[in-house]
2 protein chains.
Amino acid sequence: MDVRAKPKSRKSRLSEDQQPAEKRTRIQAINRGLIIDAALDIFSTYGFRGSTIDQIAEKAGMSKPNLLYYFPRKDDIYVTVLEKTLEEWLDPFEAIDPDGDPIEELRRYITLKLEMSARKPEASRLFANEILHGAPRIGHFLQTHLKKLVREKAAVLSRWTSEGRLAPVDPYHLIFSIWAMTQHYADFDVQIRAVLGHQVDQPGHHEQTAQAVLTILLNGIRPRS
Amino acid sequence: MDVRAKPKSRKSRLSEDQQPAEKRTRIQAINRGLIIDAALDIFSTYGFRGSTIDQIAEKAGMSKPNLLYYFPRKDDIYVTVLEKTLEEWLDPFEAIDPDGDPIEELRRYITLKLEMSARKPEASRLFANEILHGAPRIGHFLQTHLKKLVREKAAVLSRWTSEGRLAPVDPYHLIFSIWAMTQHYADFDVQIRAVLGHQVDQPGHHEQTAQAVLTILLNGIRPRS
DNA sequence: GTACATTTTGACCAATCAGTCAAGTTTTTG
DNA sequence: CAAAAACTTGACTGATTGGTCAAAATGTAC
């Protein structure tokens with residue numbers, strides 16, 4: 001269940017790359033990587049305005065002017081990181097198989113998203129922060145690419161419902177619900193930790209979470225008599 | 001279903017009031033109100049670091065030094081607004097009645113939360129933003145008051161389950177799920193609008209949302225054969 | 001090794017913004 | 001109405017921070 005599979009030469013969706021990847025030197029590849037990793041960390045913790053270039057440079061182990069040599073503007077770093085995050089984020093959604101078994105496909109998708117939330121919560125938080133503040137940089141992307149993608153998947157869910165293989169439920173809201181519940185575990189981690197205490201660091205906790213979320217989504221909370 | 005009912009002389013939970021409310025003059029009451037309303041708007045849109053005192057002052061219709069006359073520090077405004085938000089936020093949760101009918105109580109709570117998300121999404125976003133950034137100002141509150149409150153309600157849910165009046169599901173994760181789904185509609189409003197289009201502004205849309213969320217949570221998505 | 005290109009950095013600049021202050025205006029009080 | 005209290009504000013300050021620049025250091029190609 002490795003979701004890190006690289007997107008197959010898919011074009012960047014948010015902006016054109018300033019520089020074709022092939023033209024990059026070895027040093028550039030390394031340093032851009034260091035910067036992006038550091039930036040994800042800092043931006044997801046403090047937000048765009050709350051983060052400083054100095055912080056990112058420090059974390060990446062280089063001077064500020066050096067960092068600006070690779071990404072001339074603060075915005076460039078941010079957009080690059082956001083873009084990478086978005087791609088990784090949507091891959092498993094695209095992978096929902098219209099020809100698979102409905103419950104199994106959704107179970108797999110939900111499990112995958114929960115794993116991502118546990119493994120890389122920074123990515124989820126970066127995205128959440130951008131949306132929360134009105135998505136100033138990805139509004140267009142949401143209205144075009146994401147809208148289309150969701151419409152396609154909603155159609156699949158609709159068909160499953162009409163075939164009686166899924167409970168009759170609005171497919172859009174079902175998608176939103178899955179997103180809500182899975183991302184919540186990354187975005188509201190602090191709150192969950194505060195409430196559950198150290199229990200969240202114990203082995204098996206993620207499995208328990210997955211179990212609970214799947215139970216609620218699949219079976220609902222009304223007792224089956 | 002009015003949730004604006006004022007908390008019954010409950011003590012502030014985050015910080016002591018700088019000044020007892022009785023000592024406030026008429027002008028103070030008015031201006032503090034204007035500031036708090038403006039601040040909720042600005043802070044929820046731009047985050048703490050992204051908001052400036054000038055913006056808030058402008059929105060409140062007064063000069064910056066004037067605003068600082070009422071709240072000496074930027075932080076003071078923020079904490080005050082956060083505190084008010086938190087109270088309003090938890091009231092309906094506290095109101096879950098251990099002696100009521102489980103499904104009805106949860107249905108009421110979920111409906112109420114969805115209404116709040118639709119009516120005052122700024123409050124939800126302000127809270128989400130604070131949690132997302134590590135809850136630097138309310139960490140203690142979460143670990144004490146909220147933790148205790150959730151434990152109490154989780155015990156009620158547990159009992160309901162053991163009485164067979166609720167499906168067997170981890171009570172903590174059930175609470176998290178409800179929070180996730182209801183807040184999602186406020187926090188990710190931009191995304192939902194992008195996907196659903198202008199449909200969200202049509203009359204009856206909130207009812208439709210509530211219907212879908214309740215169906216999923218109550219009945220799950222697995223078809224009942 | 002040498003010439004050229006790439007990478008790195010200290011020192012600096014300009015804009016933004018939280019917060020101060022002293023001098024004014026308005027409101028309340030007796 | 002007079003004095004005191006409460007309120008308001010223009011002009012300022014110091015700290016932070018995004019971004020520049022020219023010179024130095026390092027890496028690469030022949």
Looking at NE2 of B/His133 and CG of A/Asn129, how far apart are the two atoms once the value is rounded to the nearest 0.5 Å?
-> 4.0 Å
With the side chain of B/Ile53 defined as its heavy atoms from C-beta on, choose the nearest nucleotide among C/dT28, C/dG19, C/dT8.
-> C/dG19
Take atom OH in A/Tyr46; do more than 12 heavy atoms of anything else shown fall under 6.0 Å from it?
-> no
NZ of A/Lys74 versus C1' of C/dT16: gap in Å, rounded?
-> 12 Å
Nucleotide C/dG19, atom C1' - distance to CE of B/Met62 in whole Å = 17 Å
Atom pair distance, as rounded to whole Å: CG in A/Asn66 and P in C/dT7 = 9 Å
Under-4.0 Å side-chain N/O to phosphate OP1/OP2 contact, B/Tyr69 with C/dG19 = no
Could you tell me whether B/Phe71 contacts a base, only the sugar-phosphate backbone, or nothing, with contacts defined as non-hydrogen atoms closer than 4.0 Å?
-> nothing
Exactly one of B/Glu83, B/Arg137, B/Glu130 clears side chain to side chain donor-acceptor pair (under 3.5 Å) with B/Tyr78, and that residue is B/Glu130
5' priority, DNA chain D, between B/Lys64 and B/Asn31 [closest heavy atom] = B/Asn31
Consider the side chain of A/Pro65, meaning its heavy atoms from C-beta on, and name the nucleotide among C/dT8, C/dG19, C/dA11 that approaches it most closely.
-> C/dA11
Round to the nearest Å and state the distance from A/Leu67 atom CG to C/dT9 atom C1'.
-> 13 Å
State which of C/dT28, C/dG19, C/dT7 makes the closest approach to the side chain of A/Gln28.
-> C/dT7
In residues 44-52 of chain A, which ones come under 4.0 Å of DNA chain D, going by heavy atoms?
-> A/Ser51, A/Thr52
Pairwise side-chain contact, B/Leu90 with B/Leu146, heavy-atom cut-off 4.5 Å (strictly under) = yes
Run the numbers on A/Tyr172 and A/Arg151 for side chain to side chain contact (heavy atoms under 4.5 Å, CB included), then give the verdict.
-> CA-CA 8 Å; A/Tyr172 286 95; A/Arg151 188 168 49 227; 3.6 Å; yes
Separation of atom CD1 in B/Ile56 from atom C1' in C/dG19, rounded to whole Å | 14 Å
Sub-3.5 Å donor-acceptor pair from the side chain of A/Arg125 to the main-chain atoms of A/Thr45, do we have one?
-> no
Enclosure of B/Lys120 NZ (heavy-atom neighbours >12, cutoff 6.0 Å) | no
Supply the atom-to-atom distance B/Trp89 CH2 to B/Met116 CE, rounded to the nearest 0.5 angstrom.
-> 4.5 Å
Tell me which of B/Arg73 and B/Ile27 sits closer to the 5' end of DNA chain C, going by the nucleotide each one is nearest to.
-> B/Arg73
First and last nucleotide of DNA chain D in contact with chain A, 5' to 3', at under 4.0 Å to a heavy atom: what are they?
-> D/dT17 to D/dT28
Is a side-chain donor or acceptor of A/Lys74 paired with a backbone partner of A/Ser51 at a separation under 3.5 angstrom?
-> yes
Would you say B/Arg26 reaches C/dT27's phosphate, i.e. side-chain N/O to OP1/OP2 under 4.0 Å?
-> no
